[in-house]
Amino acid sequence: MSQLYLAQDPAADEMLATDPFALLLGMLLDQQIPLEKAFIGPYRLAERLGVDRLDPAAVADHDADDLARIFAMPIAIHRFPGSMAERARKLARAVVDDYAGDAAAIWTGAADGADLLRRLGALPGFGKQKAQIFTALLGKQFGVRPDGWRAAAGPYGEEGSLRSVADIVDAASLVRVREYKKQMKAAAKAAGGAK
């Protein structure tokens, strides 16, 4: 595994590298905010909860209103703190109920790439694209490579691609991934306007 460069904060990236639930939560938060803000979110949550590692059972059982308050504290963990706190609780509950609280079991127990993608896609807040990106992240940066993982990850699994968080390993790749996302948004906007 390469050193992570997602949160752009050494302590937060170390947490992502060593705490599977934190990594899952960062991926969940990665929508409608800058990716580094999403991936520093689990670290901020742990700090506010006064823990070194996020326990899915503790997050799942945390009072919903209090968790929303914690998400909203300055600097907010997400621009939609209430809804994302609830999504975090649902994700944590799924990890507890379906994987006995062991987030890593989602990928260590996968039979192959298709099964890994199915497992991730079944998580609350994970659609097909997010599941594919996370599959690629696991394969490219964590060495989690069940048979067929690249195919399951779709275009995000392609070697040498610079499409997603799976491809960010340094400042230069971060810039290139941002450029790719900007181009895709512009193309989607142009296609939408052409109708």
Side-chain angles (χ1 to χ4, degrees), residues 1-45 71 74-81 83-84 87-88 91 103 106-107 113-114 116-117 120-121 123-146 148-195:
M1 181 195 84
S2 59
Q3 182 175 352
L4 292 183
Y5 193 81
L6 302 178
Q8 298 179 41
D9 174 280
D13 280 324
E14 175 66 21
M15 181 181 202
L16 295 170
T18 60
D19 182 342
F21 181 68
L23 187 66
L24 265 181
L25 181 57
M27 191 74 222
L28 175 78
L29 297 172
D30 187 19
Q31 60 186 53
Q32 300 183 336
I33 60 173
L35 71 93
E36 63 275 15
K37 183 172 171 72
F39 282 96
I40 203 170
Y43 182 75
R44 286 203 175 122
L45 178 60
F71 264 67
I75 298 170
I77 291 174
H78 197 277
R79 69 185 283 200
F80 302 112
S83 62
M84 292 311 285
R87 286 185 185 181
L91 176 64
I106 297 166
W107 46 92
L116 174 57
L117 185 67
L120 291 168
L123 295 172
F126 277 67
K128 180 181 178 184
Q129 183 181 38
K130 195 174 286 278
Q132 286 182 313
I133 292 169
F134 199 80
T135 298
L137 175 63
L138 290 171
K140 291 179 175 183
Q141 297 200 43
F142 287 84
V144 176
R145 298 175 178 153
W149 75 271
R150 282 194 191 273
Y156 305 104
E158 292 173 6
E159 194 165 348
S161 69
L162 288 162
R163 291 185 170 93
S164 73
V165 298
D167 305 310
I168 298 172
V169 295
D170 55 25
S173 57
L174 172 63
V175 169
R176 294 196 50 201
V177 166
R178 283 198 198 286
E179 288 171 357
Y180 175 81
K181 287 184 170 192
K182 188 175 178 181
Q183 291 170 359
M184 291 300 99
K185 284 182 182 177
K189 187 175 182 180
K195 291 181 180 178

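Side-chain contact between R176 and I168 is absent, with no heavy atoms from C-beta onward closer than 4.5 Å. The side-chain heavy atoms of L116 and L138, taken from C-beta on, include a pair separated by under 4.5 Å. The shortest side-chain heavy-atom distance between L123 and L28 does not fall under the 4.5 Å cut-off. Counting heavy atoms from C-beta on, the side chains of F71 and L29 come closer than 4.5 Å. Between D167 and Q141 there is no side-chain heavy-atom pair separated by less than 4.5 Å. Side-chain contact check for D13 versus L16: some heavy-atom pair is nearer than 4.5 Å. Within the 4.5 Å cutoff, side-chain heavy atoms of Q31 are placed close to those of R87. Proximity of F21 to L91: side-chain heavy atoms (C-beta onward) are separated by under 4.5 Å at one or more points.
Across all non-hydrogen atoms, the minimal contact from A11 to Y43 is CB-OH, 3.5 Å. In terms of heavy-atom proximity, S173 sits nearest to L162 at CB-CD2, 3.9 Å. When all heavy atoms of G121 and A131 are compared, the closest pair comes out as N-CB, 3.7 Å. Nearest approach of S164 to V177, heavy atoms of both residues: O-CG2, 3.6 Å. Across every non-hydrogen atom of A12 and A7, the tightest pair is CB-CB, 3.6 Å. Pairing each heavy atom of V165 with each of L6, the nearest pair is O-CD2, 3.6 Å.
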In sequence, state the C-alpha distance, the side-chain angles, and the governing distance for F134 and L24, and then conclude on side chain to side chain contact (heavy atoms under 4.5 Å, CB included). CA-CA 8 Å; F134 199 80; L24 265 181; 3.8 Å; yes

Go through the steps for I33 and F80 under the test side chain to side chain contact (heavy atoms under 4.5 Å, CB included), then give the verdict. CA-CA 9 Å; I33 60 173; F80 302 112; over 6 Å; no

Run the side chain to side chain contact (heavy atoms under 4.5 Å, CB included) check on R79 and Q32 step by step: do they pass? CA-CA 8 Å; R79 69 185 283 200; Q32 300 183 336; 4.1 Å; yes

Please step through side chain to side chain contact (heavy atoms under 4.5 Å, CB included) for the pair L137 and V144, ending with a clear verdict. CA-CA 9 Å; L137 175 63; V144 176; over 6 Å; no

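Atom CG of L45 and atom CD1 of I77 lie 4.5 Å apart (nearest 0.5 Å). With rounding to the nearest 0.5 Å, the separation of CD in Q8 from CG in L174 is 5.0 Å. In this structure, E179 CD and K182 NZ are separated by 8.5 Å, a value rounded to the nearest 0.5 Å. Here the CZ-CG distance, from R44 to D9, works out to 8.0 Å after rounding to the nearest 0.5 Å. A distance of 9.5 Å separates CG of D30 from CD of E36, quoted to the nearest 0.5 Å.
Comment: K140 does not engage E159 in a salt bridge, judged by the lack of any side-chain N to carboxylate O separation of less than 4.0 angstrom.
Remark: side-chain polar atoms of K130 are paired, donor with acceptor, to backbone N or O of M27 under 3.5 angstrom.
Between F142 and W107, the distance separating the two ring centers is not shorter than 6.0 angstrom.
With no hydrogens or angles considered, no side-chain donor-acceptor pair links R163 and Y156 at under 3.5 Å.
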